[in-house]
Amino acid sequence: MEQHYWLMKSEPDVFSIDDLVRLNSAPWDGIRNYQVRNLLRDHFQIGDLAFFYHSSCKEPAIVGIMQIITTAYPDSSALDPSSPYFDPKSTSEKLPWLRVDVQLVHKLTRPITLATLRQHSEPLTDLPLLKRGNRLSITPVTPEQWHYILALVES
DNA sequence: GCCAACGTTGGC
DNA sequence: GCCAACGTTGGC
């Protein structure tokens with residue numbers, strides 16, 4: 001199968017690019033939305049690349065690049081009452097939630113802000129992040145969009 | 001299965 | 001803190 005590209009949101013107060021720099025790799029857990037769960041289950045492959053995006057913060061931006069290093073596996077944080085991602089409806093027999101592990105490729109020297117991305121709304125028209133009402137924490141990025149955005153990093 | 005009420009996300 | 005846009009829940 002071919003390589004996929006993704007954009008994955010995280011609130012920096014909860015898990016930031018600097019946390020990933022420190023850990024190098026980490027589970028991407030806490031997904032509690034079925035559409036996103038289905039993406040993880042059906043489309044994530046080892047070796048896929050993803051933008052790390054800081055959301056719900058002062059300057060929303062793409063702040064790093066990471067690689068997917070596992071396929072989807074059960075997100076046991078849903079079973080842990082002390083976890084902020086605890087899901088009282090989940091049981092070990094019925095655990096619908098999945099996570100993948102990610103590894104840092106690199107932190108961007110200069111974040112690509114949401115404002116910058118909006119300035120390129122013409123070539124990036126179909127980027128889910130720029131669409132109204134977009135709330136999914138993981139969205140696909142086409143190869144064209146991926147390479148266009150990467151070129152912004154270098155400009 | 002419909003749909004109103006409620007909850008969540010996330011930019012501003 | 002506001003609000004738009006969804007997603008989820010639960011009564012019927």
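Each chain gets a letter, A, B and so on, in the order the sequences are listed, and its residues count up from 1.
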Atom CD in Glu144(A), atom OH in Tyr5(A): separation rounded to 0.5 Å? 9.5 Å
Considering only distance and modelled atom types, tabulate donor-acceptor pairs under 3.5 Å from the side chains of residues 74-81 of chain A, sequence neighbours left out.
| residue | atom | partner | partner atom | Å |
| --- | --- | --- | --- | --- |
| Asp75(A) | OD1 | Ser77(A) | N | 3.1 |
| Asp75(A) | OD1 | Ser77(A) | OG | 2.6 |
| Asp75(A) | OD2 | Gly30(A) | N | 2.8 |
| Asp75(A) | OD2 | Arg32(A) | NH1 | 3.0 |
| Asp75(A) | OD2 | Arg32(A) | NH2 | 3.4 |
| Asp75(A) | OD2 | Ser77(A) | OG | 3.3 |
| Ser76(A) | OG | Arg99(A) | NH2 | 3.0 |
| Ser77(A) | OG | Arg32(A) | NH2 | 3.0 |
| Asp80(A) | OD1 | Ser82(A) | N | 2.9 |
| Asp80(A) | OD1 | Ser82(A) | OG | 2.7 |
| Asp80(A) | OD2 | Ser82(A) | OG | 3.2 |

Tell me whether Val102(A) is reachable from Leu136(A) by hopping between hydrophobic residues (I, L, V, M, F, W, Y) whose side-chain heavy atoms are closer than 4.5 Å. yes
Passing candidate, side-chain hydrogen bond (donor to acceptor under 3.5 Å, both in side chains) with Trp97(A), options Asp87(A), Asn33(A), Asp29(A): Asp87(A)
Please determine if a side-chain N or O atom of Lys9(A) lies less than 4.0 Å away from the OP1 or OP2 oxygen of dG10(B). yes
Asn134(A) CG to dG11(B) P, in whole Å, measures 8 Å
Mind checking Arg32(A) for me? I need base, sugar-phosphate or nothing, with any heavy atom below 4.0 Å counting as a touch. nothing
If the condition is salt bridge (Lys or Arg N to Asp or Glu O under 4.0 Å), which residues does Lys131(A) pass it with, not counting sequence neighbours? Asp126(A)
Using a 4.0 Å cut-off on heavy atoms, which residues in residues 56-65 of chain A reach DNA chain B? List them by number, or say none. Ser56(A), Pro60(A)
Go along nucleotides 3-8 of chain B 5' to 3' and tag each nucleotide: B for a protein heavy atom under 4.0 Å from its base, S when only backbone or sugar atoms are that close, - otherwise. ----BB
Going by the angle between their ring planes, with limits at 30° and 60°, are Trp6(A) and Phe44(A) parallel, tilted or perpendicular? parallel
Using distance only, find each side-chain donor-acceptor pair of residues 17-27 of chain A under 3.5 Å and give its atom names and separation, not counting sequence neighbours.
| residue | atom | partner | partner atom | Å |
| --- | --- | --- | --- | --- |
| Asp18(A) | OD1 | Lys107(A) | NZ | 2.8 |
| Asp19(A) | OD1 | Arg22(A) | NH2 | 2.5 |
| Asp19(A) | OD2 | Ser16(A) | N | 2.8 |
| Asp19(A) | OD2 | Ser16(A) | OG | 3.4 |
| Asn24(A) | OD1 | Gln103(A) | NE2 | 3.1 |

Measure the distance from NZ on Lys131(A) to C1' on dT9(B) and round it to the nearest whole Å. 18 Å
Could you state the atom-to-atom distance from CG of Asp13(A) to C1' of dG11(B) in whole Å? 15 Å
Starting from P on dT9(B), measure out to NE2 on His54(A) and report it in whole angstrom. 17 Å
Listed partners of Thr113(A) passing side chain to side chain donor-acceptor pair (under 3.5 Å), at least two apart: Thr116(A)
